[in-house]
Amino acid sequence: MRLEDLVYATIMLPLFGAAIALMGKLVHRNRAFAKTLEYIGAGIGLVLPWVGLTMLAPVVFSGGIVSGIVGNWYEGVGIAFRFDGLAWLIQILGYTIGLVAYIYSLGGGPRGPAFTTIFLIQTAALAATIITTDLFNLFVCLEVMGITSYVLIPTSKKPGASLAAFSYLMVSASAMVFFLIGTYGLYRLTGALSYEGIAEGLRTIGGRERLVSNMALTLLVSAVAIRVAVMPLYGWLPDAHALAPHAVSAVLSGVLIKTPLFALSRILGLFSNGPDVGHLMSIAGGITALVAVVIALSQQDAKRLLAYHSISQIGYVVAAWGMALQLGIDTALGISLMAAAYLHALFHAIFKGLLFLSVGTTIDITGERNVYALRNAVKIMRKAGERIPVTFITFLIGALAISALPPLNGFVSKNAITYAMKDSMLYHLLIAAGAGTVASFIKLSRIYLPGVPKLPMQRTPEGRRFKRVRLPSRWIAQITLALLCIAGGLWTPRLVSLVGRLIQPSFQGTLIIPALYSGENLLKTLWTALAGVLIYLVIQHPIPANLLHAIRTRPRNFKGLFVSFSLGTAGLAIWLLI
Amino acid sequence: MIERALLFTLFLIGFYGIVGKKHIIKKIFGLNILNNAAVILFILEGSRIGTDAPIMDGQASAIVDPVPQALMLTAIVIGVCITALSLALAVHLYRVSGSFDIDTIRMRIQDEA
């Protein structure tokens with residue numbers, strides 16, 4: 001079997017699985033047969049690609065790259081692709097979360113062949129986004145990814161979810177028109193769509209053409225930044241992620257906002273002023289990390305709180321990613337930062353997926369989303385049939401991981417980022433954001449603990465406090481992710497250098513490995529946690545509580561999404577021109 | 001030059017439709033106009049790369065670059081998908097809120113939640 005075929009398989013298998021699952025709709029009268037088709041499709045789409053990825057592992061680990069043109073077309077006409085260490089890593093991320101989220105959806109919904117089909121198409125688009133090295137093909141992949149998420153978000157049947165999907169669709173589809181214009185600009189300049197051709201063409205331009213290439217770059221970057229939801233382009237995310245079904249929330253937060261970011265790093269590598277863009281994005285990332293955590297602290301909807309944390313954590317990733325590009329992905333510090341950014345993206349996907357699923361199970365059982373109204377959830381869930389408090393334990397593991405406490409995976413990746421950033425301004429922003437994270441997860445944990453709620457709790461129409469749900473598949477998903485959280489924490493010192501080698505195989509020097517269990521670092525972790533507790537105690541006071549209330553109820557509207565998009569684009573253009 | 005000015009106007013009309021109009025169906029119209037402005041840009045400007053019609057009968061040196069046009073077929077298809085999906089969402093929003101006005105929809109949905 002040729003290596004190219006294995007690479008195609010990682011994209012084609014989910015698509016093939018989607019086709020089989022869709023056939024389940026044809027035979028919907030025979031329910032058992034339809035279900036069988038659906039599960040076969042999901043198995044082909046989500047499990048079989050692992051075989052391909054395992055077989056490709058030795059190639060990428062030995063520094064090999066599989067590249068070529070899809071369908072053996074001529075160069076300049078066909079779609080170029082490149083499967084390297086980065087692509088392998090991102091696909092591992094996508095398929096891990098995709099598989100676990102799908103298992104969860106079997107118990108937690110949404111169910112049915114249509115959902116499975118769309119879910120698999122989305123997975124295929126994710127896998128393709130990171131492999132493609134053709135600008136127009138990237139546009140198509142991003143659009144397919146977007147369209148599937150506009151469909152998946154409203155499957156929760158909440159009216160707010162439709163509005164969130166509509167807002168996301170409008171802002172993201174408009175941004176993609178900008179992307180298209182940027183693509184045209186580069187095609188006109190260089191006569192190529194493949195990254196290699198564009199890079200070659202850009203080397204020879206000068207003068208006024210340089211201006212055009214900068215404008216094109218601005219349009220491309222701001223369109224992708226919308227998907228990544230970095231400040232100030234984050235407005236669509238909280239509603240969309242909070243109101244989507246739990247399994248979809250896990251994928252959206254875990255995978256969908258990160259894949260475009262790493263695909264963008266391939267584009268930025270083509271431009272001589274890519275490092276400048278990286279610099280601006282890293283500043284935006286640091287600010288995002290801090291501001292989003294403050295907004296998260298003010299939330300009262302449990303899932304919206306988690307959604308703002310996704311923005312905050314992607315801020316960490318973008319800060320490290322941008323700085324890595326600024327320094328260049330051939331310096332020791334640059335590679336270490338890029339490896340840390342990837343690890344945090346992966347680990348965030350795992351622990352945030354875990355949090356979304358655990359909190360989702362809790363919300364489904366208790367029927368209450370409000371952090372101030374829900375108390376004693378462990379007891380309520382025991383009444384609903386959860387004898388061992390699995391959901392509470394998995395939630396706790398996720399909460400400790402996102403708060404960066406040892407020995408869980410969040411501790412490792414956050415420290416890998418901050419350790420490599422020590423001398424930078426961003427370091428302080430990220431540490432402050434870390435303390436805020438601890439505070440808001442103390443706030444969220446209280447839903448499980450006994451106490452007197454500030455607001456009355458909702459009851460089901462029958463006057464009960466809980467609803468029975470199907471637990472086994474939810475448990476499998478939650479426990480798998482919890483185990484991955486622990487495993488990631490235990491193995492990581494080796495993982496940092498491993499990921500670094502995959503990202504830049506030709507680098508010979510030594511990477512910067514964070515000293516995780518040094519006295520200094522543990523002390524820093526302790527201080528951050530204590531600061532978090534302190535912040536939590538302070539926000540109980542009426543004055544800061546009122547301030548947070550004002551932040552939560554700040555006016556948000558549709559127009560704001562476009563104003564911030566225009567401002568972000570203009571800001572990037574000015575940054576590049578000066 | 002006049003074509004470019006018209007194209008830019010079309011682009012601005014589309015953008016104004018999305019941002020300025022409150023009616024969500026008009027917003028979708030705006031998105032379509034915006035999308036079409038980009039399509040026409042590719043077709044119009046792309047047709048100026050080369051002079052002859054792209055029919056392969058020996059002389060292939062001065063033909064119009066076919067790539068931008070081919071790309072636009074895909075872009076149009078994606079545009080149709082997005083339009084269909086956004087209209088479906090608009091109908092659903094109308095059913096749950098009884099209005100096409102974006103602010104009214106947001107208000108009524110928030111009241112429910």
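So that the names make sense, note that chain A is the first sequence line, chain B the second, and so on, each numbered from 1.
Heavy-atom pairs under 4.5 Å with chain A peak, among B/Ala75, B/Ser86, B/Gly30, B/Ala38, at B/Ser86. Options A/Val171, A/Val140, A/Leu163, A/Asp301 differ in how many heavy-atom pairs under 4.5 Å they form with chain B, and the most are formed by A/Leu163. Note: B/Leu85 leads B/Ile105, B/Leu41, B/Asp103, B/Leu85 in heavy-atom pairs under 4.5 Å with chain A. Of all the listed residues (A/Ser566, A/Pro154, A/Ala173), the one sharing the greatest number of non-hydrogen pairs under 4.5 Å with chain B is A/Ala173.
Looking only at side-chain heavy atoms (C-beta outward), A/Leu220 and A/Leu138 stay at 4.5 Å or farther from each other.
Ring geometry for A/Phe115 against A/Phe119 counts as tilted: the plane angle lies between 30° and 60°, on a 0 to 90° scale. Ring-plane geometry between A/Phe179 and A/Phe139 is classed as parallel, the angle between the planes falling under 30 degrees on a 0 to 90 degree scale with a further cut at 60. Ring pair A/Trp236/A/Tyr168 is parallel by interplanar angle, where below 30° counts as parallel and above 60° as perpendicular.
The part of A/Asp239 that comes within reach of chain B is its side chain, from C-beta onward, which places non-hydrogen atoms under 4.5 angstrom from that chain. Contact annotation for A/Tyr184: both backbone and side-chain heavy atoms come within less than 4.5 Å of a heavy atom of chain B. In this structure, the portion of B/Ile102 lying under 4.5 Å from any heavy atom of chain A is its side chain and not its backbone. Both the backbone and the side chain of A/Phe166 have a heavy atom closer than 4.5 Å to some heavy atom of chain B. There is no contact between B/Ala70 and chain A, counting heavy-atom distances below 4.5 Å. In this structure, the portions of B/Ile18 lying under 4.5 Å from any heavy atom of chain A include both its backbone and its side chain. Neither the backbone nor the side chain of A/Leu561 comes within less than 4.5 Å of any heavy atom in chain B.
A salt bridge does not link B/Asp101 with B/Lys22: none of the charged nitrogens is closer than 4.0 Å to a carboxylate oxygen.
Between A/Tyr187 and A/Phe136, the gap from one ring centroid to the other reaches at least 6.0 Å.
Residues B/His92 and B/Arg95 bring no donor and acceptor atom of their side chains to less than 3.5 Å of each other.
With sequence neighbours left out, the side-chain contact (heavy atoms from CB on, under 4.5 Å) criterion links A/Leu567 to A/Val563.
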